[in-house]
Student: 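The structure's right below; bear with me while I get my questions together.
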Amino acid sequence: MNNNQTWPCTSSSSPFSSFPLPTNLTTSDYPSRSVRLCSRLPPSKPPEQADFSSLPYDVLNKIASSFDQPNLQSASLVCRSWSEALRPLREAMTMLMWGKRFKHGKRGVRQNIEKALDMFTKAAARGSTLAMVDAGLIYWERGEKVKALDLYLMAAQLGNSSAQCNLGISYLQVEPPNTEQALKWLYKASKGGNIRAQYQLALCLHRDGGSKSNIREAWYMKAAEGGYVRAMYNISLCYSFGEGLSRNHQVARKWMKRAADRGHSKAQFEHGLALYSEGDMIKALVYLELASRAGEKGAPHVKNVIVHRLSAASRNHAMLLADSWRALPSN
């Protein structure tokens with residue numbers, strides 16, 4: 001699926017209770033007598049603990065369907081009943097692992113998409129929502145969108161936020177698009193903390209326009225703070241142009257630099273231009289060189305203007321910085 005688009009065309013009462021004190025007590029009597037009074041309180045009984053070992057197998061499997069390997073192993077060690085109930089999901093986890101090896105050709109396994117899909121579908125049949133998502137991705141890439149949507153929907157209904165996100169995006173890309181269902185599932189995934197869904201939800205609201213700009217920017221901000229680079233770029237533009245936010249040049253520059261330092265080519269170009277306008281030629285040349293290498297069409301022209309203004313030593317230093325540059329981690 002193509003999701004590379006960025007900018008679209010205390011209560012005051014005490015919780016404790018006490019016994020009433022006799023009226024004939026003096027102040028000096030209070031400490032010793034209150035101790036004796038408190039000692040008459042019956043010992044508290046520990047609350048009864050629920051017996052989770054009696055959970056029905058199907059309920060337990062639904063709860064654990066999105067567990068990763070460590071959490072699944074930990075849950076299997078709780079009791080014998082859980083270990084038995086979660087056996088299909090442990091088998092699914094092994095199949096999922098082999099499916100990923102076949103898909104990406106890792107750990108001495110030759111890449112084989114057919115075998116990968118076979119492993120993913122078998123793992124999905126055992127209840128793994130992770131495998132449902134992986135199988136859905138292959139079906140979608142093959143153009144078998146109905147099968148992909150069925151798998152995404154099954155995993156989404158079990159609470160997998162990646163599936164909810166993929167389902168929402170898929171509803172936008174089918175013919176005809178189903179915007180209502182797309183927004184429904186993107187919102188669920190966003191509430192679950194999926195930053196890609198948060199970005200896509202903000203993008204949908206941005207396209208629609210209307211009076212929801214503050215909500216849109218709130219989702220852009222959540223995604224940006226979660227490390228989603230495209231959202232960093234878009235929130236920078238929002239601050240630059242006053243789109244749903246008060247115009248703030250300083251904050252806009254901060255988010256633009258964050259996106260640029262994480263490899264967003266448009267942000268590298270924009271940040272390079274800003275540095276150039278401020279007269280910081282060497283840093284500007286570094287970012288414009290990075291943007292040029294990433295294919296930003298406007299970057300080479302400005303870069304060449306700077307090159308002719310710098311000494312050979314400064315140019316070489318800037319190129320060395322660009323060659324040694326590495327993107328910061330992002331999501």
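Every value quoted in this text rests on a predicted model; they were computed, and no experiment measured them.
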Student: Out of Met281, Arg315, Glu289, which one pairs with Ile306 under the side-chain contact (heavy atoms from CB on, under 4.5 Å) rule?
Tutor: Met281

Student: Could you please spell out the steps behind the salt bridge (Lys or Arg N to Asp or Glu O under 4.0 Å) verdict for Asp150 and Lys145?
Tutor: CA-CA 9 Å; Asp150 287 344; Lys145 296 184 177 182; over 6 Å; no

Student: Regarding Arg216 and Asn234, do their side chains bring together a donor and an acceptor under 3.5 Å, going by distance alone?
Tutor: no

Student: Is the closest side-chain donor-acceptor distance between Ser76 and Ser83 under 3.5 Å?
Tutor: no

Student: Is it the case that over 12 heavy atoms from other parts of the model lie below 6.0 angstrom from the NZ atom of Lys188?
Tutor: no

Student: Compute whether any side-chain donor of one residue and acceptor of the other, for Tyr287 and Asp280, lie under 3.5 angstrom apart.
Tutor: no

Student: Parallel, tilted or perpendicular, judged at 30° and 60°: which one describes the rings of Trp140 and Tyr152?
Tutor: tilted

Student: Salt-bridge test for Glu217 and Lys222: reply yes if a basic N is under 4.0 Å from a carboxylate O, no otherwise.
Tutor: no

Student: What's the spacing between Lys191 NZ and Gln198 CD if we round to 0.5 Å?
Tutor: 10.0 Å

Student: Mind checking the OG-CZ spacing from Ser128 to Phe67? Nearest 0.5 Å is all I need.
Tutor: 12.0 Å

Student: Inspect the contact between Arg326 and Asp261 and indicate whether a charged nitrogen and a carboxylate oxygen are less than 4.0 angstrom apart.
Tutor: no

Student: Run the salt-bridge test on Arg80 and Glu84 with the 4.0 Å N-O cut-off and return the result as yes or no.
Tutor: no

Student: Measure the spacing between CE of Met119 and CG of Leu96 and express it to the nearest 0.5 Å.
Tutor: 11.0 Å

Student: Is it true that, when you exclude Trp98 itself, more than 12 heavy atoms of the residues, nucleotides or ligands shown sit nearer than 6.0 Å to its CH2?
Tutor: no

Student: Would you please test Thr179 and Cys204 for side-chain contact (heavy atoms from CB on, under 4.5 Å) and show each step?
Tutor: CA-CA 9 Å; Thr179 305; Cys204 287; 6.0 Å; no

Student: Determine whether Lys103 and Glu114 satisfy the following criterion, salt bridge (Lys or Arg N to Asp or Glu O under 4.0 Å), listing intermediate values before the conclusion.
Tutor: CA-CA 8 Å; Lys103 182 178 180 180; Glu114 291 298 330; over 6 Å; no

Student: Over 60° means perpendicular and under 30° means parallel, so classify the ring planes of Tyr220 and His206, tilted if in between.
Tutor: perpendicular

Student: To the nearest 0.5 Å, how far apart are CG in Leu201 and CG in Asn194?
Tutor: 11.0 Å

Student: Under 3.5 Å, is there a donor on one side chain and an acceptor on the other for His249 and Tyr239?
Tutor: no

Student: About how many Å separate CZ of Arg101 and CD of Gln111, when rounded to the nearest 0.5 Å?
Tutor: 15.0 Å

Student: Trp185 versus Tyr171: any side-chain heavy-atom pair under 4.5 Å?
Tutor: yes

